[in-house]
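Only heavy atoms go into these numbers, but all of them, side chains included; no hydrogens, no water, no symmetry mates. Letters A, B, ... are given to chains in the order of the sequence lines, protein chains preceding strands, and every chain is numbered from 1.
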Number of protein chains: 2
Amino acid sequence: MSLNPRAELLLKALIERYIADGEPVGSRTLARSVGLDLSPATIRNVMSDLEELGFVESPHTSAGRVPTELGYRFFVDTLLKVQPLAPGEVRRLREEFDPGHDPQQLMHTASQLLSEVSHLTGIVMVPRRDDQIAFRHLDFVRLADKRILAILVTQDAQVHNRILTTDHEYSASELEQAANYFNTRYAGVSVRDIKRGLLNEMKQASDDLSRIMQLAIRAAGEALEGESEGDDLFVRGEEKLMDIPDLGDIKKLRRLFEAFNTKRDLLHLLDRSLRAGGVKIFIGAESGYDVLSDCSVVTAPYSIDGQIVGTLGVIGPTRMAYDHVIPIVDITARLLSSALSVGERSASLEKEDQ
Amino acid sequence: MSLNPRAELLLKALIERYIADGEPVGSRTLARSVGLDLSPATIRNVMSDLEELGFVESPHTSAGRVPTELGYRFFVDTLLKVQPLAPGEVRRLREEFDPGHDPQQLMHTASQLLSEVSHLTGIVMVPRRDDQIAFRHLDFVRLADKRILAILVTQDAQVHNRILTTDHEYSASELEQAANYFNTRYAGVSVRDIKRGLLNEMKQASDDLSRIMQLAIRAAGEALEGESEGDDLFVRGEEKLMDIPDLGDIKKLRRLFEAFNTKRDLLHLLDRSLRAGGVKIFIGAESGYDVLSDCSVVTAPYSIDGQIVGTLGVIGPTRMAYDHVIPIVDITARLLSSALSVGERSASLEKEDQ
DNA sequence: ATTTAGCACTCTCGAAAAGCGAGTGCTAGC
DNA sequence: GCTAGCACTCGCTTTTCGAGAGTGCTAAAT
C-alpha cells in the first residue's frame, strides 16, 4: 500500500504532532506546522483520504484526527527516522553497566535504566532455557539432617540454589565427592544435556554412586526449574504507566498491573520476540494480549557470547516517542549483551552505537 | 480518655459500618444498625460529643460521620475484637509454607499469601543485619581471568553471591585453600564479628595468606552488602491499592508506587516495627511518611530460631478490616518464623494459632 | 484538475443553574 | 434524658447554554 509523497508527509507530521501533544490534530494546525504552503481545506481533503485508508480517525465529528494502530504501524515501518541518542544518555547508559556485576544485578540495572531513560516501564526477561545455558559449578552445603543446600552456578555466572530434602543422610565427604565428580565431568555442558546424560549414567552406575548422583541430578534440575516462578522477569517503573492519560480509567490500569504480577502473558510476548533478531515493536492490539491494548511494547533480544538468550524492552502508551525509544532499547540490549559476555567486548557495539 | 459505654458502643458500630460500606454513616442508619433502641436524634447528640472528642468528623455539613485517625486508634486499641481466622484460611496458609523451600522463596510466598488472603498489599522485609546473621559456608568459583564468583551461604540457608574483580590471578587451589580455611574457622560466627576478626588477623598474617584472606573478607562483606539494593523487600499485590477509592486521585497512587520502588521509606518503617514485638499498627499519618497518609500498615516481626530478624505486614486503606487483617499478619509471621527455623518447629505456633 | 474560501453544521467542554436527597442542629415537648 | 419536628445546609446529579474548534460540502479561482 503506497501513498503519494504529500500524504505521507502529512501523515508523518500528524503523528509526530500527536505524539508530542497528545491531542487530536486539526487541519489548521497541521497546515501551519508542515512546511508545505497549503490551505486547511486542502489538508482536510488529504485527511479524508487517509481516514478512508484507515491510517487516521477522528474521535468525534468535530475534533482533529488521531492516528490509528495501522497508522502507527505504517509510521514506524516506513516514515520513522530514529533519532540518535543524546551523547549524554549514551554515556550514562554505558557507565552504569559495570561488567563486574553479576547477571542478576546487570538485568536489574538494565530494567531500571530502560525505565529511567525512556520514562516508560522497563522490562527484562531473564533467560531460563536449559538448552542454552551451560553448567559451570555445583556445590553442596549440608544444612540440618537430611536437608542439603545445592548451589549451582551456570556459565553466565548466575547462581541458582535450592534446598533438597533427602531420605538418606549424606556425609560431608560424600557430598564433596559427588560435587567434585560432577564438576570435573560436566563443566561447560548444557544443562539439558546433563539431564539426559545423567539418566543414562544412572542405569549403569553402582548403587552407591548412583544415589549420590541422583542427588546431583536433582540439584541440577530443581535448582533451575524451581526458580522459574519468581526471578524470571524484572519490571521497573511501573508507576510511569499511570501518566498515560488514555488509561485514565483505573480498571485498565489495574489489569495491567495484575499482568505484571502474573507475568505469564508478558513472558510469552517477550519469548515471541526472542526469535526475531533486532528491535521489534508491538503496537496496541498487535501484541495479542488485550491488557496491552492501549500500549505499545518495544523489545530487543540480548545475547551472551553471541547467542541470543533473552529479551528486554519497554512498555508505554501507543503514543510514545518511538524515534527516541527504539535506540534506547537497542543500545541497552547491546550493552547488556556486552556486559554479560565474559569474553572480549562485543565488537558490534563499538561500531554501531554512536 | 474514657467514654461512657453507650458512646463506645456507638463508635464501634459506626466504625464497623464505615469499614464495611466506605460511606459516611448517618444517625438514622446507625440507629437502625445498633441493637439499642434509640432515636436518630439521640444518636446525633452522642455523635456531637464524639466529634468534640475528635473521634469522628463529617466530611461536610450534611453527610454522616466518618472516623478520624484518632477514632481508628481508639478502636483498634480498646474496642476491637479480632476475628479468629476461618479454618480454611489457616489451612491454606499452613499448607503453602513448605519448610523445604529456601528463605527467598518462603518470603516470596509469605508476601504473596499476605496479599491474597487479606486482599491488600503484602510486604516482607528480608533481614540483612550482619550482626544477627551467622556465616555458614563460603565458596569461590573462578570465572574469567581475575574475576571470581564468591558464593556465601548464611546460617539461614540464604545464598548470597557477588563477582569480585581482583588485581592478582589466583589459582584454583589457592581459592580452595582460602575457602577451606575460612569455612572451618568461621562457621557459625556472625558476619559482623567475622569482619572485625578478619581485620585483626590480616595485620598478623603473612603476605601470601593475607592476600587470599583479603579476598575472603571482600567476598563476605560485598556479598552481603552489595545486595542491599534489590532483594531486600518483597512487595506483592500492589494493584490492590488501586481499589482504594480514597486514592481516586492518581497522583497519590503514583507516589505510593514510587515508594515501592524506592523502598527506602518502607524499609525504615518496617525497621522501626522490628524492635517492638507483636503486631503493630500504623494508622494514616502515624507512620510519619506522607505517602502513606491515607493508608494503614499492619506489621509483625518474624524470627529465626527465636531471634527476631525481619518484619512483614500489609498495606491497605485506613478503612481496612482490622479484625480480619491482624490475625492474618500475626499467623503469617509465625508460620514464616517456623518455616525459617531449621530447628524443631516453633512451639508457640502450635499453642496459639487456633 | 487541483486548490481555496466560505458557510452551515456537529460535537465537546466548561460554567452556571436547578432540583434532589441525605443528614444535621436546634427547639420544644414528653 | 430522650424524642419528634422542622428549617437549613451541602454535595451530587442533571440540565441548559454558549463558546470554540473543526469538519464536510459547495462553489469559485487558479
Take atom CG of N4(B) and atom P of dG1(D), then tell me their distance rounded to the nearest Å. 11 Å
To the nearest Å, how far apart are H60(A) NE2 and dC9(C) C1'? 14 Å
To the nearest angstrom, how far is E23(B) atom CD from dC10(D) atom P? 21 Å
Under the side chain to side chain donor-acceptor pair (under 3.5 Å) test, residues paired with T332(B) that sit two or more places apart: none
Give the C-alpha distance, both sets of side-chain angles, the deciding distance and a yes or no for salt bridge (charged side-chain N to carboxylate O under 4.0 Å, His left out) between E286(A) and R73(A). CA-CA 10 Å; E286(A) 286 177 6; R73(A) 171 51 61 195; 2.6 Å; yes
Return the value, rounded to whole Å, for the distance between atom CG of D21(B) and atom C1' of dA22(C). 15 Å
Here the residues of residues 25-46 of chain A within 4.0 Å heavy-atom distance, strictly under, of DNA chain D are G26(A), S27(A), R44(A)
Establish, with yes or no, whether the OP1 or OP2 oxygen of dT23(D) is under 4.0 angstrom from a side-chain nitrogen or oxygen of R65(A). yes
Quiz: residues 320-327 of chain B side-chain donor-acceptor pairs under 3.5 angstrom, not counting sequence neighbours:
| unit_1 | atom_1 | unit_2 | atom_2 | d |
| --- | --- | --- | --- | --- |
| Y322(B) | OH | S296(B) | OG | 2.7 |
| Y322(B) | OH | T318(B) | O | 2.5 |
| H324(B) | NE2 | E89(B) | OE1 | 3.2 |

With sequence neighbours excluded, what pairs up with E51(B) under the salt bridge (charged side-chain N to carboxylate O under 4.0 Å, His left out) test? R65(B)
Tell me the interatomic distance from M47(B), atom CE, to dA22(C), atom C1', rounded to whole angstroms. 16 Å
What is the distance, rounded to the nearest whole Å, between atom CG of D49(A) and atom P of dC25(D)? 12 Å
Out of dG21(C), dG24(D), dG20(D), which nucleotide sits closest to the side chain of S62(A)? dG20(D)
What integer distance in Å separates L50(A):CG from dT23(D):P? 13 Å
Can you measure E51(A) atom CD to dC25(D) atom P for me and round it to whole angstrom units? 11 Å
Which pairs with one or both residues in residues 34-48 of chain B pass salt bridge (Lys or Arg N to Asp or Glu O under 4.0 Å), sequence neighbours excluded? none
Please name all residues satisfying salt bridge (charged side-chain N to carboxylate O under 4.0 Å, His left out) with R17(A), sequence neighbours left out, ordered by chain then number. D21(A)
